[in-house]
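Structure first, then comments.
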Amino acid sequence: MTTQAELRCRCGEVRGRLANASSRTVNRVICYCDDCQAFAHHLGRADLLDAKGGSDIVQVAPASFVFVQGQHRIQGVRLAPKGLFRWYASCCNMPVGNTLGPAIPFVGIIAQAFASGAQHPDELFGRPIGSIMGKYAIGDPPAGSARIGLPLMARAIRMVLSWRLREQAWPHPFFKRETRAPIYPLSILSASQRESLRRFCGPHPTTDGRHAQ
Ligand SMILES: [Zn+2]
Ligand SMILES: [Zn+2]
């Protein structure tokens, strides 16, 4: 059975639609990396992180996801010149998708963006199948997350390869097919901006992240 899921930013201006939402068609993992934590703090959205600083990410095929409303609000930021492209809705600073770039076909979307009204991420995608980058978690690393997690990585790579084979790489919600250029405005943090976020992030934050920004 396949289900269509709605993405909704917190204020409702930006909306998207995901086709084929199911536990088999996506990869849902908790990422504890310090970049995901820094991104949430940069947006003033530490409320989206779990108690250990984890981001609940649903990885989907680019062609399975489209924005249907509020595209003029979408902006991107890179934490470093070659960092991930991290897209968000500028109306309410809701993250709406992380991408490595047009060549690697996957989009990682925070699970809370699929939580609205009667729609629950657990019902759409099942529970997260694991966690990664636990060495950056705040406090003790969650069970199994500090190791590299080869089965999880293998599953992610398998999915990306199958999306490419099944021509799920294009159209891409964040890049133009002809030029491979980003569709939306993009900024890059300066080194000092990036450094200023570290005090909020694991494994040893020195500032209470709930008061970021
Ligand atoms: Zn919004
Ligand atoms: Zn991460």
Side-chain angles (χ1 to χ4, degrees), residues 6-17 26-60 65-80 82-101 104 106-117 119 128-139 141-142 144-149 152-153 155-157 159-160 173-174 184-185 189 194 197-198 200-203 205 209 212-213:
E6 187 195 42
L7 171 140
R8 202 174 181 280
C9 69
R10 183 169 58 173
C11 76
E13 262 203 69
V14 176
R15 294 185 194 209
R17 197 183 301 131
V26 308
N27 208 25
R28 183 179 179 191
V29 296
I30 310 286
C31 184
Y32 290 95
C33 85
D34 56 343
D35 280 348
C36 284
Q37 294 182 52
F39 176 51
H41 287 288
H42 173 67
L43 295 179
R45 294 304 313 271
D47 59 294
L48 295 169
L49 302 174
D50 70 20
K52 290 178 179 289
S55 299
D56 185 348
I57 302 288
V58 180
Q59 295 171 339
V60 308
F65 181 75
V66 287
F67 286 104
V68 295
Q69 184 186 302
Q71 287 90 334
H72 64 290
R73 294 293 197 184
I74 299 171
Q75 295 182 17
V77 65
R78 306 180 86 173
L79 302 183
K82 296 200 168 165
L84 236 59
F85 296 83
R86 294 172 180 271
W87 307 98
Y88 62 96
S90 60
C91 39
C92 56
N93 279 5
M94 185 79 187
V96 294
N98 298 330
T99 51
L100 273 167
I104 315 281
F106 89 87
V107 179
I109 304 175
I110 198 137
Q112 289 97 323
F114 293 103
S116 60
Q119 188 178 277
I129 57 170
S131 50
I132 57 171
M133 306 296 273
K135 67 176 176 173
Y136 297 105
I138 296 166
S145 64
R147 282 172 282 116
I148 293 176
L152 276 182
M153 200 181 280
R155 181 183 153 93
I157 291 170
M159 250 181 203
V160 167
F174 298 109
Y184 303 107
L189 293 193
R194 176 69 189 91
L197 294 165
R198 294 199 190 278
F200 303 114
C201 301
Q213 294 202 339

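In this chain, numbering begins with 1 at the start of the sequence shown. Computed from heavy atoms alone, side chains included, the values below leave out hydrogens, waters and symmetry copies. All ligand and atom numbering here is 1-based and tracks the order in the structure.
One finds an angle of 100° at the Zn ion (ligand 1) between SG on Cys91 and SG on Cys11, to the nearest 10 degrees. The angle that Cys9 SG and Cys92 SG make at the Zn ion (ligand 1), rounded to 10°, works out to 100°. Here the angle centred on the Zn ion (ligand 2), running from SG of Cys36 over to SG of Cys31, is 130°, rounded to 10°.
Not less than 6.0 angstrom separates the ring centroid of Tyr88 from the ring centroid of Tyr184.
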Exercise. Determine, step by step, whether Phe39 and Leu197 satisfy the side-chain contact (heavy atoms from CB on, under 4.5 Å) criterion, reporting the C-alpha distance in whole Å, the side-chain angles of both residues, the deciding distance to 0.1 Å, and the verdict.
Key: CA-CA 8 Å; Phe39 176 51; Leu197 294 165; over 6 Å; no
Practice problem: Output, in order, the C-alpha distance, side-chain angles, deciding distance and verdict of side-chain contact (heavy atoms from CB on, under 4.5 Å) for Val96 and Phe67. | Solution: CA-CA 10 Å; Val96 294; Phe67 286 104; 3.8 Å; yes
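Two residues are said to be in side-chain contact when any heavy atoms from C-beta on lie closer than 4.5 Å; Gln119 and Phe114 meet this criterion.
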